[in-house]
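Heads up: the structure comes next, in structure tokens.
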Amino acid sequence: MFHNSSQGKYWIWKNEDEIEQKRCKANLKFRNKILESGKPGLSESSFMERHEEDVLFRHYERRMMDFCNAFKPAMPKSVVGTAIMYFRRFFLFNSIMEYHPRIIMLTCAYLSCKVDEFNVSSTQFVGNLLQETPAGQERVLEQILEFELLLIQQLKFHLVVHNPYRPMEGLLIDLKTRYPALENPESLRKSADDFLTQATITDAGLLFPPSQIALTAILTSASRAGLSMESYLNECLGMKEDKETLAKMYESMRRMKTILKKYELPKPEEVNTCKKKLERIHAEFATSSNKRKRGYEEDGHVTKEPRLTEEIMSDEDMS
Amino acid sequence: MDDQGCPRCKTTKYRNPSLKLMVNVCGHTLCENCVEMLFVRGSGNCVQCDTPLRKSNFRVQLFEDPAVDKEVEIRKKVLKIYNKRDFDFPGLREYNDFLEQVEDIVFNLTNNIDAENTKLRMEQYQKENKDLIQRNKVKLSREHEDLEELLLQEQQGNEQRRLDLLQEEQRQLQAKRKNKQALLDELEKSQLPATILLAQHKVRAAKLETQIEQQKLAVKPTNLFSTGIHMRQTVSLQPVPKIEEVLYKYKALHVETYGPLVPELEQLGRLGYLNHVRAAMPQDTAGGYTSALACHRAVQDAFSGMFVFKR
């Protein structure tokens, strides 16, 4: 359960500033690493700034969402939620300049299928990359397998992610049982679902427990339908006596709604400029050969020729 | 045993699982047939190490590893000479030193380390302690005899019991047959009607049965436990040491969920939660699934961590 999970202990922070700090630190770490290695031909401007990183991050997140939604066989929502959370957690401590988000996003989806026991074979998985030839799909699969161990390591081996979908179901059941004042809780389901989908692509999962996110979803959709659920909070959830908790709850909900409102899809021109910059950085720093050796060194898997000459995968190859 | 092949004819061991392997003093194995072959031709050399051998030196292999057999043979020979017992020594230290000596000798002879010196040492020891060895041999043989006597007695006792049982069974069978025969005779000769005769016969058969049952249940009174302790013999035991500790107090497990209370699994039906969950199909209930399980999980998840506010 969430209350004694690794998510509750290690992956929930106090506010957005703390999270932003971590991302800046990752950015800085990469810059220092490259500067120390003393490669010629770079200036400060060739590195990506935080807001540019953010733009690309959101873009690739959206792409991952589309990939998962178009997945055959149909991927359950919890798998999608877990994949996006992995993506978000990974790039909390690593910069996208170091690891290209394309590969990481597929690796996240692959790992999430395994962890959530949604059985797809690896060939089936890469079969969903419709733009690739079978040979290309093979290559992608190899890359995914190389990065898998790195991903798990960067997630600190905390692989269980609690999504807000089941709490929402639980709350609906509870509403139907204990709160007859609300005639048709099912009508709240659709817009609560939309709220949750929106919440997964924001940082809400890193700030609030999933039960709070689910509760906010339900209350928001209720208020949109013009229904008041004050008495539910007071009576059924027992917050009548505990004014402090009630106040804190309202505050959290307010914060969450603000975060969701602040989200916006990045504009295509911005995305393209940032992408070009990213490609240049990746080509320049040629860390791709190092990436290959990470992960399976113990198996003596190192005997792969560096594939610097080949393009890893062009962006248009995916959906 | 099949993974070991005879080194000479190689195949015969697999084809003939009943074939036995023989070991000789150099520690190498040969199957029975090969032993015969080897000595038919008159040459007496081991196939692998070329040491001269005699046919009498071959013994049937008891262990999988021939080296173990070899060591066992050597040990027997050494212990025949080095046969001091623990009460021959003034203290534990000296006894242990003696044992270590013995082990060294056995090891040396088995692995052919310093064999000459070791043999010399053995001869010397033998010369020095001749009478001690003799005395100990006698003692050992006497002990062996005692043990063997006990074994024999036990065996005899078992045999006797078996015979008794057989006799008893025979007697019972005979009694039953006599009874049947008596019935037939009476039916022939007697004037009474057949039904009464049959009833009498039944009564007699029942009595016989109960008799047999009683005999089976009657235990011969003995005054000896199987371990050899006489009954009603008081054996003095040391009092068990009493360990005083703090009494264990049960505290129920309390898990902090940081959220509202979740009703118990068993209460869910009564409280009406199960009306809003999909009912379990017969296929699901066969495996032990109930809709309460899914409902409980969902409600637990919904309430877990709800009052966690990290500011």
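Lettering follows sequence order; numbering is per chain, from 1.
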If we only count heavy atoms from C-beta on, is the B:V255 to A:H3 side-chain gap below 4.5 Å?
yes
Return yes when atom CD of B:E264 has more than 12 non-hydrogen atoms of other residues, nucleotides or ligands closer than 6.0 Å, and no otherwise.
no
Exercise: identify the closest heavy-atom pair between B:V277 and A:I173
CG2-CD1, 4.2 Å
A side-chain contact here means heavy atoms from C-beta on lying under 4.5 Å apart; do A:M1 and B:T257 qualify?
no
Does CZ in A:R255 sit with more than 12 non-hydrogen atoms of other residues, nucleotides or ligands closer than 6.0 Å?
yes
Please indicate whether A:E244 has more than 12 foreign heavy atoms, meaning atoms of other residues, nucleotides or ligands, lying under 6.0 Å from its CD.
no
About how many Å separate NE2 of B:H276 and CD of A:E169, when rounded to the nearest 0.5 Å?
13.5 Å
Other residues, nucleotides, ligands: >12 heavy atoms within 6.0 Å of A:K156 NZ:
yes
Contact winner vs chain A - B:G272, B:G259, B:P263, heavy-atom pairs under 4.5 Å
B:G272
Smallest heavy-atom separation, A:S211 atom then B:S304 atom, equals OG-O, 2.7 Å
Using non-hydrogen atoms and a 4.5 Å limit, figure out which bit of B:L274 sits close to chain A: side chain, backbone, both or neither.
neither
Any side-chain heavy-atom pair from A:M249 and B:F309 closer than 4.5 angstrom?
yes
Would the number of heavy atoms belonging to other residues, nucleotides or ligands and lying under 6.0 Å from OH of A:Y250 be above 12?
yes
How close do B:V308 and A:Q212 get, counting heavy atoms only, and between which atoms?
O-NE2, 2.8 Å
Taking CZ in A:F93 as the centre, count heavy atoms belonging to other residues, nucleotides or ligands within less than 6.0 Å. Is the count above 12?
yes
Leading residue by heavy atom contact count with chain B [cutoff under 4.5 Å; candidates A:S5, A:A214, A:P167, A:P209]
A:P167
Can you tell me if CD on B:E100 sees more than 12 non-hydrogen neighbours from other groups inside 6.0 Å?
no
Enclosure of B:E116 CD (heavy-atom neighbours >12, cutoff 6.0 Å):
no
Grab the two heavy atoms, one from B:K310 and one from A:I12, that are nearest each other, plus how far apart they are.
NZ-O, 3.5 Å
Check whether A:E251 gets within reach of chain B through its side chain, its backbone, both or neither, counting any heavy atom under 4.5 Å.
side chain
